K.L.:
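Here it is: the structure, laid out below.
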Amino acid sequence: DQQVKQNSPSLSVQEGRISILNCDYTNSMFDYFLWYKKYPAEGPTFLISISSIKDKNEDGRFTVFLNKSAKHLSLHIVPSQPGDSAVYFCAASATNRDDKIIFGKGTRLHILP
Amino acid sequence: NAGVMQNPRHLVRRRGQEARLRCSPMKGHSHVYWYRQLPEEGLKFMVYLQKENIIDESGMPKERFSAEFPKEGPSILRIQQVVRGDSAAYFCASSPTENLLYNEQFFGPGTRLTVL
């Protein structure tokens, strides 16, 4: 029973263009959402987060959009750079219930030269 | 300020042996989380510990797996009588407080366990 779904296992984007990574969730109790970036042989590193009281959060080239009614969030990276090639994990937490973070399976982003 | 440290980075065990994975949280962090990542899968929560307490072990297999976070020293994830299906990357994360609205979990580099 996957509560956080990343339906695209991989995505290829031209350098300089916009990368859009999508994530859907099923648990309406989730109120905090995170994106992590992972390089091979390293642990995930926190990228950006959004609380359910907001619908957008921006940090430099990274913007996360949250659509609560659709239970959908997306991460936009613009412009995409070669160093953005990594696996991106969407994660969610129901902070009023417990501290578990539930992760999606990840999307592998390839930035093409 | 050193990050989350895990050792060993790679561990090879034969079926039936024991595996011990260590995690030292970031300085000042008192909350430790263990996750497992199977090939082609996301990270799956296993257990959440504070010093000398297991807070949530709902993701731990019922048998052979145990975790501790003693008053002194690193957190240990112990897998007894390993089987091939235990082969995975095990990640530890730490946070200074349980309020995720203000803090995120910081991950270590992981321990890659291979069971022959």
Side-chain angles (χ1 to χ4, degrees), chain A residues 1-10 21 23-27 29-54 57 59 62 64 66 86-108, chain B residues 2-10 21 23-26 29-50 53-60 88-112 114:
Chain A
D1 176 27
Q2 257 197 291
Q3 298 185 66
V4 178
K5 300 178 186 179
Q6 294 178 258
N7 291 321
S8 298
S10 67
L21 295 96
C23 177
D24 298 292
Y25 61 96
T26 58
N27 189 342
M29 298 295 293
F30 288 149
D31 59 359
Y32 190 62
F33 304 88
L34 310 94
W35 284 93
Y36 281 82
K37 177 180 178 178
K38 185 181 181 304
Y39 291 120
E42 293 184 14
T45 54
F46 170 76
L47 199 56
I48 192 169
S49 64
I50 188 167
S51 165
S52 60
I53 61 174
K54 301 173 87 172
N57 189 24
D59 184 1
F62 302 91
V64 56
L66 175 62
V87 176
Y88 290 79
F89 289 102
C90 172
S93 179
T95 58
N96 289 330
R97 296 189 68 181
D98 55 35
D99 299 297
K100 277 202 291 261
I101 294 182
I102 308 298
F103 284 82
K105 290 190 176 184
T107 296
R108 186 177 300 277
Chain B
V4 178
M5 302 183 66
Q6 289 187 250
N7 69 83
R9 293 292 309 273
H10 300 273
L21 290 66
C23 169
S24 296
M26 286 179 71
H29 286 195
S30 57
H31 300 246
V32 166
Y33 310 80
W34 284 93
Y35 294 84
R36 176 166 65 175
Q37 185 183 20
L38 295 168
E40 307 304 321
E41 297 283 326
L43 288 85
K44 297 261 196 259
F45 169 81
M46 297 182 76
V47 63
Y48 162 37
L49 309 106
Q50 294 177 21
N53 281 307
I54 296 174
I55 307 302
D56 182 346
E57 57 181 347
S58 58
M60 288 277 270
Y90 292 82
F91 291 96
C92 166
S94 73
S95 70
T97 173
E98 65 257 31
N99 188 342
L100 281 175
L101 281 175
Y102 302 101
N103 291 282
E104 294 75 33
Q105 296 177 12
F106 297 85
F107 282 81
T111 293
R112 274 143 191 84
T114 302

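Bear in mind the structure is a predicted one, so any value in this text is a computation, not a measurement.
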K.L.:
Is chain B contacted by the side chain of A:Thr45, its backbone, both, or neither, given a heavy-atom distance below 4.5 Å?
P.N.:
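Neither part.
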K.L.:
A:Ala41, A:Gly106, A:Gly104: which one forms the most heavy-atom pairs within less than 4.5 Å of chain B?
P.N.:
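Answer, by heavy-atom pair count under 4.5 Å with chain B: A:Ala41.
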K.L.:
Between the main-chain N or O of B:Cys92 and the side-chain N or O of B:Gln6, is there a donor-acceptor pair closer than 3.5 Å?
P.N.:
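Yes.
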K.L.:
Got a sec, which residues hit ring-ring contact (aromatic ring centres under 6.0 Å, His included) with A:Phe103, two or more places apart in sequence or on another chain?
P.N.:
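ring-ring contact (aromatic ring centres under 6.0 Å, His included) list for A:Phe103, sorted by chain: A:Tyr36, B:Tyr35, B:Phe107.
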K.L.:
Is it the case that more than 12 heavy atoms not belonging to B:Met5 sit under 6.0 Å from its CE atom?
P.N.:
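12 or below, so no.
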K.L.:
Between B:Ala93, B:Ala89, B:Gly110, B:Gly42, which has the largest tally of heavy atom pairs under 4.5 Å with chain A?
P.N.:
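When all of B:Ala93, B:Ala89, B:Gly110, B:Gly42 are compared, B:Gly42 has the most.
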K.L.:
So, using salt bridge (Lys or Arg N to Asp or Glu O under 4.0 Å) as the criterion, who are the partners of A:Lys105 when residues are at least two apart?
P.N.:
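Scan of A:Lys105 (salt bridge (Lys or Arg N to Asp or Glu O under 4.0 Å), adjacent residues dropped) gives B:Glu41.
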